[in-house]
Amino acid sequence: MAYTIPLLEDTAATLLRDISNQLPDADVGKDSDFAIRANAIASAVQGLYQHQVWIVRQMFPDTADHDYLVMHARTRNLQPKPATYAGGKVQLTGNAGVAVKSGLQFRPKGSSLLCQTTEDATVGSDGKVAIAARPLENGTAGNLADNTPGTLLIAPEGIDSDVTILHMTGGTDDETDASLLARLLEVIRRPAAGGNKYDYHRWAVEVPGVTEAYVYPLRRGYGTVDVVIVANNSMPSEETIKATQAHIDDVRPVTAKNTLVLAPEEVITDVSVKVKLSGLSLDEARKQITAAITDYFNRLAPGEIAVLKQIGGSITNIVGVIDYDFIKPTGNIVPVVDKTKVQWIRLGTVTVDKLP
């Protein structure tokens, strides 16, 4: 049974009662010296009680404050993961055959984010070249939408100043306490077991930049284990994939035949639905339906089927929607999971109109 901390006034009353027992003639009224001293002592005692409560919280990792959570994690050889840089490619245009040195800096249009190329390249015969690049700022601030326009700070001779950032993903912030706690609890609840699928999951999420991992044993035959990684519910950078592959290759059992770390293949799915409403405007319905469908798709793991009836259920849960009809998709969206790829169903455009 949990201990109940007495209230301040109850502690003061107990002190005054003890004084009255020892000194029956003592004045213990509200304005007496004894009452003043009893209240002061009760206040100090109350502070000690609260400190003890705080100490107990630090004894357990799931209630500990940050500093003590980190100390708990260290006992299992875990450390909070630092922020990572996004990575991707930028497309330059210019005269065919022009050599481009690494270190060219550019900004996405309308943004203060500074990025730079990380490899040398040569403009192709079509006047274009895609070059590896990354932001100079780590964290999620470096993640950009695909095909974001940008501008070179200093354009070399023969190169246009306008660029297209084809993709820039995989940047993560410093690990949160919730994420560190989840990793710690996984180690406690599922201790190392010689290389089972839970070990591979734990090894993958130890790597900075990996926020979740999905393990597919035997996907390419006996002795193989494939690990699909994601970053902030999005695609990881190439650097994160390589780092995860190297880490798992270093710690996995030497008897394992082969392990492959890969990113999922995104399958963009547009949703179009017509709804019948009661007491709800179409604009408000669009907002709520889009939010509900987005939440559903965000919870899909790589390789998981998007079930049409579940999508419909998220719509009918909205107060004011009394009927709906899907225009697209017309059935479940089934991703391909085979020896060559693991598809990930992702949401594209959501269109909501009224039923006639």
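Sequence positions, counted from 1, serve as the residue numbers for this chain. These values consider heavy atoms only, across backbone and side chains, with no hydrogens, waters or symmetry-generated copies.
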Does a donor on one side chain and an acceptor on the other come within less than 3.5 Å for Thr118 and Ser102?
no
Would you check if the side chain of Thr211 reaches a backbone N or O of Val230 as a donor-acceptor pair within less than 3.5 Å?
yes
Side chains of Thr140 and Asp173: donor-acceptor distance under 3.5 Å anywhere?
yes
Around atom CG of Leu48, are there more than 12 heavy atoms of other residues, nucleotides or ligands at under 6.0 Å?
yes
Are side-chain N/O atoms of Asp146 and His167 paired as donor and acceptor at under 3.5 Å?
no
Under a 4.0 Å N-O cut-off, is there an ion pair linking Asp295 with Arg299?
yes
Answer with yes or no whether the side chains of Glu186 and His201 bring together a donor and an acceptor at under 3.5 Å.
yes
Looking only at side chains, do Asp338 and Thr340 share a donor and an acceptor under 3.5 Å apart?
yes
Ser161 side-chain N/O to Thr151 backbone N/O, donor-acceptor pair under 3.5 Å:
no
Does Arg219 use its side chain to pair, donor to acceptor, with the backbone of Lys341 at less than 3.5 Å?
yes
Pairs of donor and acceptor atoms involving the side chains of residues 346-353, under 3.5 Å and at least two apart or interchain, shall be tabulated with distances.
residue: Arg346; atom: NH2; partner: Asn233; partner atom: O; Å: 2.6

Is a side-chain donor or acceptor of Asn332 paired with a backbone partner of Val334 at a separation under 3.5 angstrom?
no
Please check if atom OH in Tyr3 has more than 12 non-hydrogen atoms from other residues, nucleotides or ligands closer than 6.0 Å.
yes
Of Val267, Ile305, Val342, Leu300, which is the lone residue that meets side-chain contact (heavy atoms from CB on, under 4.5 Å) with Pro335?
Ile305
Answer yes or no: is there a donor N or O on one side and an acceptor on the other, between the side chain of Gln58 and the main chain of Asp65, under 3.5 Å?
yes
When you look at Thr164 and Asn147, which way does the side chain to side chain donor-acceptor pair (under 3.5 Å) test go after all the steps?
CA-CA 6 Å; Thr164 300; Asn147 300 313; over 6 Å; no
Are any side-chain N or O atoms of Ser314 and backbone N or O atoms of Ile311, one a donor and one an acceptor, separated by less than 3.5 Å?
yes
Quick one, Gln79 and Glu175 - any side-chain contact, counting heavy atoms below 4.5 Å?
no
Is the count of non-hydrogen atoms from other residues, nucleotides or ligands lying under 6.0 Å from Gln22 atom CD greater than 12?
no
For a quick check under 3.5 Å, do Thr240 and Ser237 share a side-chain donor-acceptor pair by atom type?
yes
Counting only heavy atoms not in Asn77, do more than 12 sit closer than 6.0 Å to its CG atom?
no
Is the shortest side-chain heavy-atom distance between Asp174 and Lys81 below 4.5 Å?
no
Side chain to side chain, Phe34 and Leu23, heavy atoms closer than 4.5 Å:
yes
Does the Ser234 side chain pair with the main chain of Ala231, one donor and one acceptor, at a distance under 3.5 Å?
no
Parallel, tilted or perpendicular: which fits the ring planes of Tyr68 and Trp54, with parallel below 30° and perpendicular above 60°?
perpendicular
Using a 4.5 Å cut-off on heavy atoms from C-beta on, say whether the side chain of Leu69 contacts that of Leu180.
yes
Would Thr169 and Asn143 count as having a side-chain donor-acceptor pair, cut-off 3.5 Å?
no
Between the side chains of Tyr296 and Gln310, does any donor sit under 3.5 Å from an acceptor?
yes
Measure centre to centre between the rings of Tyr216 and Tyr214, then say whether the value is under 6.0 Å.
no
Between Gln245 and Val261, is there a donor-acceptor pair closer than 3.5 Å when you use the side chain of the first and the backbone of the second?
yes
Taking the side chain as everything from C-beta on, heavy atoms only, tell me whether Leu113 gets closer than 4.5 Å to Glu137.
yes
Going by heavy atoms in the side chains, are Val100 and Thr122 under 4.5 Å from each other?
no
